[in-house]
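Taking it in order: structure first as C-alpha cells, then the write-up.
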2 protein chains.
Amino acid sequence: MNFNQVTIKDIARELGISPSTVSRALKDHPDISPETKRLVNELAEKLNYQPNVVALSLRSSKTNTIGVIIPEIVHFFFSTIISGIEDVAYSAGYNIIITQSNESLAREKSDLKALFNSRVDGMLMSISRETVDFEHIENILSKGMPIVFFDRIYDTPGSSKVIVDDKVGAKEATLHLIEQGCKRIAHLEGPPNLHISKQRLEGYREALSEAGLPFDESLVALCPKGTTEEGKLATEKLLSLKTKPDAIFASNDPAAMGAMQAIRQAGLKIPKDIAIVGFSNWQLSSLMEPPLSSVDQPGYEMGQEAARILIRHIELKSKKKPEPAPEVKLLKTRLIVRESSVKK
Amino acid sequence: MNFNQVTIKDIARELGISPSTVSRALKDHPDISPETKRLVNELAEKLNYQPNVVALSLRSSKTNTIGVIIPEIVHFFFSTIISGIEDVAYSAGYNIIITQSNESLAREKSDLKALFNSRVDGMLMSISRETVDFEHIENILSKGMPIVFFDRIYDTPGSSKVIVDDKVGAKEATLHLIEQGCKRIAHLEGPPNLHISKQRLEGYREALSEAGLPFDESLVALCPKGTTEEGKLATEKLLSLKTKPDAIFASNDPAAMGAMQAIRQAGLKIPKDIAIVGFSNWQLSSLMEPPLSSVDQPGYEMGQEAARILIRHIELKSKKKPEPAPEVKLLKTRLIVRESSVKK
DNA sequence: AAATTTACCGCAACTTGTTGCACAAACGGT
DNA sequence: ACCGTTTGTGCAACAAGTTGCGGTAAATTT
C-alpha cells in the first residue's frame with residue numbers, strides 16, 4: 001500500500017546531499033559533521049520520517065516478528081497465554097502473528113509453512129490434538145528456526161519448552177479429594193495423544209497409589225475433545241455404574257462443568273454426593289454453583305516465559321552467537337479449593 | 001534471520017540463465033519457452049524454492065498483513081471475534097498481527113503507530129474504554145489507511161464499521177422481562193463513553209416507555225468496567241433500596257453473574273424474586289445455576305464480516321480503484337431465554 | 001535475397017535503507 | 001611547496017524479486 005511516506009531519499013533531495021549521508025546522520029555515525037546531523041534530524045522530525053521496516057527486514061533478514069501457532073483462540077487458557085506473549089513481545093519491539101490450527105493437523109502444517117514463508121524470526125507453538133507425527137516440525141527446526149513449545153509440547157530433547165507441572169497438579173487435586181474422604185474417585189481423561197493428558201492421568205494414579213486406593217479402569221472415562229458435552233455424557237455413564245463414584249477429577253474445566261450438569265440432572269448433590277475438581281481454573285469456575293475447585297495453571301506467565309525464552313534465542317542467533325542450549329521451564333500449578341470439593 | 005533459503009538467483013546460476021528469466025518462467029510469462037519453464041519449475045520444486053515475501057512486500061508496497069487492535073484478548077466475545085478474523089484472513093492469504101490496548105489510550109496510540117510502521121495493508125479496530133478523542137485515529141485515516149471498526153466503534157461518517165444492533169437487543173431483553181410480569185427492572189450500565197453502552201441503555205429506556213413503565217434513575221447502576229465485582233457491588237446497592245427491583249438487565253454477562261452472586265447471598269431466589277438477563281451470551285452463561293438468559297452477539301460473524309469488508313477495501317485500493325464507499329454492517333442479536341428470567 | 005516478424009532472453013533500473021571503499025578538501029608538519 | 005593525515009561526503013553494491021526495453025537469432029513474409 002502506498003501511504004506516500006517520506007523516505008531517506010526525500011530528505012537527501014531536499015538537503016542536496018546523498019541518501020547515504022542521511023542514513024549515517026540518522027544513526028549518529030561519527031563520520032558525519034554535527035551541522036549535517038542537525039539539519040538531517042530536524043528535517044526528519046519535521047517531515048515525520050519513519051524508516052521503512054520492510055526495507056530494513058530485507059536487508060537484515062530480520063523481521064522482528066514472532067509467529068504463534070495455537071489450537072484455538074477461543075479458549076480461556078490459550079487466550080491468557082496469547083495475552084502474556086503479546087505483552088512481552090510488545091515490550092521487546094516484536095510483532096506477533098497469530099494463527100490457529102483449529103485442532104487440525106493439516107491446518108497446523110499449513111500455518112507452519114505460512115509463518116516460515118513470512119520469515120518470522122521465531123515461533124511459539126502448542127500442537128493440535130491430532131498431531132501424532134512431527135515431521136513437519138522437525139523439518140522447520142532443521143532449518144534453524146527457533147521454536148519454543150508451550151503447554152502442548154513436542155516432547156523431544158533439543159527443543160525449548162514451557163510446561164506446567166501437570167502430574168503434580170493432578171496428584172494434588174486427587175490427594176485433596178482423598179483427604180475429603182472420597183474412596184471412589186473417577187477421572188475424566190483428556191485427549192489421549194497429548195502429553196498433558198498422560199501426565200494428568202499419571203498424577204491421578206500416583207495419588208491413588210500413595211493413598212493405597214485401587215486404580216479402577218472403569219472409573220476413567222475418556223473425553224477426547226474435552227468439551228462440556230463430552231464431560232456430561234461421560235459422567236452420565238459413570239453415574240450408571242453399579243457403585244457410583246463419590247468424586248470426579250476432570251482433566252479440564254469444561255468437562256468438569258459438564259459433569260456438574262449431569263450430576264445435578266441425576267438429582268445428586270455437589271459436593272455431598274459427588275465432589276468435583278477441575279483443571280485450568282477458568283475465569284468463570286468461581287461463578288459456578290457451587291463454585292468449582294480447580295487446578296490453576298498460570299497461563300499468562302506461561303505466555304510471558306515462552307516469549308522471553310524465544311526472544312533471547314532470537315537475539316543470540318542474530319548476533320551469530322553459538323547455538324543456545326534448549327531451555328525447559330516448569331511452572332507450578334496451584335490448587336484452588338472451592339465449595340465443589342469440600343465435604344463438611 | 002538467515003535460513004539460507006534458495007533464491008531466484010540460485011536457480012538462475014544453476015541453470016545458466018538470468019534471474020529475470022527465472023522470475024518470468026515461474027510466473028508463466030508468455031515470453032519464456034516451454035522448455036525453459038519446465039527446467040525452472042522442476043528445479044524450483046526440487047530445491048523447494050519459496051519466494052521471499054519481504055522482497056515482494058518492498059517492491060509492491062503490500063505486506064498482505066492486517067493489524068488488529070483490540071482492548072483485551074482474554075475476553076470471550078473478543079476472542080471469538082479474533083477467531084472469525086483469523087479464519088477469513090487465512091483463507092484470503094493474509095496474516096494478522098494482534099495487539100491489545102489493555103483498555104489504555106496510551107497503549108492504543110502506540111499500537112496504532114507500531115502497526116502503521118509495520119506497513120500493514122489495513123486495520124481492524126475496537127477502541128479502548130478510555131478513548132474519548134480520536135485524533136490519533138483521524139491521523140492514520142487521513143494517510144489513507146483502510147480501517148474497519150467493530151463493536152466499539154469510532155462513530156464517524158466515512159468509516160466502515162461492523163456493529164451489533166445493541167439498542168434492539170437491549171430492548172428485546174427488557175421487553176422479555178416485562179412480559180414475565182416484571183415492573184421494576186433495574187439496569188447495570190456499561191462503560192459510559194462507549195457507544196454500545198449508550199445504545200443498550202437507550203434500548204432499555206425505549207422498552208420501558210413502550211410498555212408504559214416509568215424510567216427510574218435510581219434503578220440504573222453504573223458498572224464502569226463491567227466486571228463481575230462491579231456487578232455484585234452495584235446489585236448489592238440496588239437490593240438495599242426501599243423497593244427492590246424485581247428484575248435486572250445487565251449490560252454484559254460478567255456483571256450479570258456478579259448480580260447473581262449478590263442476589264444469592266441476599267437469600268433471594270432467581271428468577272422468582274429477581275429475574276436476570278445478561279448481554280453477550282458468554283460461553284459459560286448456560287452453565288450458571290440457574291442458566292443465565294442473555295442477548296447473544298454473533299462475535300465470530302462480526303470478526304468474519306469486518307475482515308471481509310477490510311480485505312475488499314484493501315484489494316480495491318491496491319488496484320487503484322476509486323475510494324470505496326464506507327460500509328456499515330449491522331448484525332442482529334438473538335435473545336437466548338434460559339431459566340434465569342422465566343417466572344412460571 | 002531482403003525485409004519483417006516472432007520467439008526468447010538478458011540488462012538495468014526500481015522498491016528502501018545500509019555500508020565498504022574511494023575520493024576530495026582542508027589541515028598540519030617539514 | 002610537498003607529503004601525510006584527518007574530516008566529511010558520495011558512489012555503488014547489496015538484500016530478493018519484478019519489469020520495461022532492447023537485442024539477437026530464427027522463422028516467416030514479400
Side-chain angles (χ1 to χ4, degrees), chain A residues 1-41 43-44 47-65 116-121 318 320, chain B residues 1-41 43-44 47-65 116-121 318 320:
Chain A
M1 292 291 151
N2 179 22
F3 303 117
N4 21 294
Q5 280 291 86
V6 290
T7 70
I8 236 173
K9 288 175 194 171
D10 298 326
I11 297 177
R13 196 178 333 105
E14 190 134 342
L15 292 177
I17 56 180
S18 81
S20 28
T21 303
V22 176
S23 172
R24 279 187 262 252
L26 289 169
K27 319 213 85 169
D28 205 24
H29 192 286
D31 269 8
I32 307 300
S33 73
E35 175 63 6
T36 307
K37 280 181 188 167
R38 193 182 57 75
L39 286 170
V40 169
N41 281 303
L43 187 58
L47 300 179
N48 190 28
Y49 166 76
Q50 299 292 137
N52 185 325
V53 292
V54 180
L56 292 177
S57 293
L58 177 60
R59 185 142 221 291
S60 63
S61 309
K62 187 155 187 304
T63 54
N64 275 280
T65 298
F116 185 77
N117 284 342
S118 294
R119 298 295 204 270
V120 295
D121 294 335
S318 65
K320 303 268 199 297
Chain B
M1 291 294 152
N2 180 21
F3 303 117
N4 22 294
Q5 281 291 85
V6 292
T7 71
I8 236 172
K9 287 174 194 172
D10 298 326
I11 297 177
R13 197 178 330 108
E14 188 133 343
L15 293 176
I17 57 181
S18 81
S20 28
T21 302
V22 176
S23 172
R24 280 188 261 251
L26 289 170
K27 319 213 87 172
D28 205 24
H29 191 285
D31 267 10
I32 306 301
S33 73
E35 176 62 7
T36 307
K37 280 181 190 167
R38 193 181 57 75
L39 286 170
V40 169
N41 281 303
L43 187 58
L47 300 179
N48 190 28
Y49 165 76
Q50 299 292 137
N52 185 325
V53 292
V54 180
L56 292 178
S57 294
L58 177 60
R59 184 143 220 293
S60 64
S61 310
K62 186 155 188 303
T63 54
N64 276 278
T65 299
F116 184 77
N117 284 342
S118 295
R119 298 294 204 272
V120 295
D121 294 335
S318 64
K320 303 266 199 299

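So you know, we letter chains A, B, ... as the sequences are listed, proteins then strands, and number each from 1. These values consider heavy atoms only, across backbone and side chains, with no hydrogens, waters or symmetry-generated copies. A quick note: this is a predicted structure, and the numbers were derived from the prediction, not measured.
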Could you measure the distance from the CG atom of A:Asn64 to the CG atom of A:Leu56? Nearest 0.5 Å is fine.
9.5 Å
Kindly indicate, with the supporting measurements, whether the criterion side-chain contact (heavy atoms from CB on, under 4.5 Å) is fulfilled by B:Asn48 and B:Val6.
CA-CA 8 Å; B:Asn48 190 28; B:Val6 292; 5.9 Å; no
To the nearest 0.5 Å, how far apart are CG in A:Asp10 and CD in A:Gln5?
10.0 Å
Rounding to a whole Å, what distance do you find between A:Asn117:CG and D:dG17:P?
11 Å
Let me know, please, whether B:Arg59 or A:Ser23 comes out on the 5' side of the other along DNA chain C by nearest nucleotide.
B:Arg59
Between A:Thr21 and B:Thr21, whichever has its closest DNA chain C nucleotide further toward 5' is B:Thr21
Quickly work out the A:Ile8 CD1 to C:dG17 P distance and round it to whole Å.
5 Å
Rounded to the nearest Å, what distance is computed from the CG atom of residue A:Leu39 to the C1' atom of nucleotide D:dG8?
14 Å
Could you list by number each residue of residues 24-38 of chain B showing a heavy-atom separation from DNA chain D of less than 4.0 Å, or answer none if no residue does?
B:Arg24, B:Lys27
note: B:Leu58, atom CG; C:dT15, atom C1'; distance rounded to Å ~ 4 Å
Without decimals, in angstroms, what is the distance between B:Phe3 CZ and D:dA15 P?
17 Å
Quick check for you: to the nearest 0.5 Å, what is the distance between A:Thr21 atom OG1 and A:Ile11 atom CD1?
12.0 Å
Grab the NZ-C1' distance between A:Lys9 and D:dC11 for me, whole Å please.
13 Å
Can you tell me how far the NZ atom of A:Lys37 sits from the CD1 atom of A:Ile32, to the nearest 0.5 Å?
7.0 Å
Side-chain N,O (B:Tyr49) to OP1/OP2 (D:dA16) below 4.0 Å
no
Would you call B:Val54 and A:Thr63 a side-chain contact if the rule is heavy atoms closer than 4.5 Å?
yes
Applying side chain to side chain donor-acceptor pair (under 3.5 Å), can you list everything that pairs with B:Ser57, at least two apart in sequence or on another chain?
none
Separation of C:dT18 P from A:Lys62 NZ (nearest whole Å):
15 Å
Could you tell me whether B:Ser20 contacts a base, only the sugar-phosphate backbone, or nothing, with contacts defined as non-hydrogen atoms closer than 4.0 Å?
base
Rounded to whole angstrom units, what separation is found between the CG atom of B:Asn52 and the C1' atom of D:dT18?
13 Å
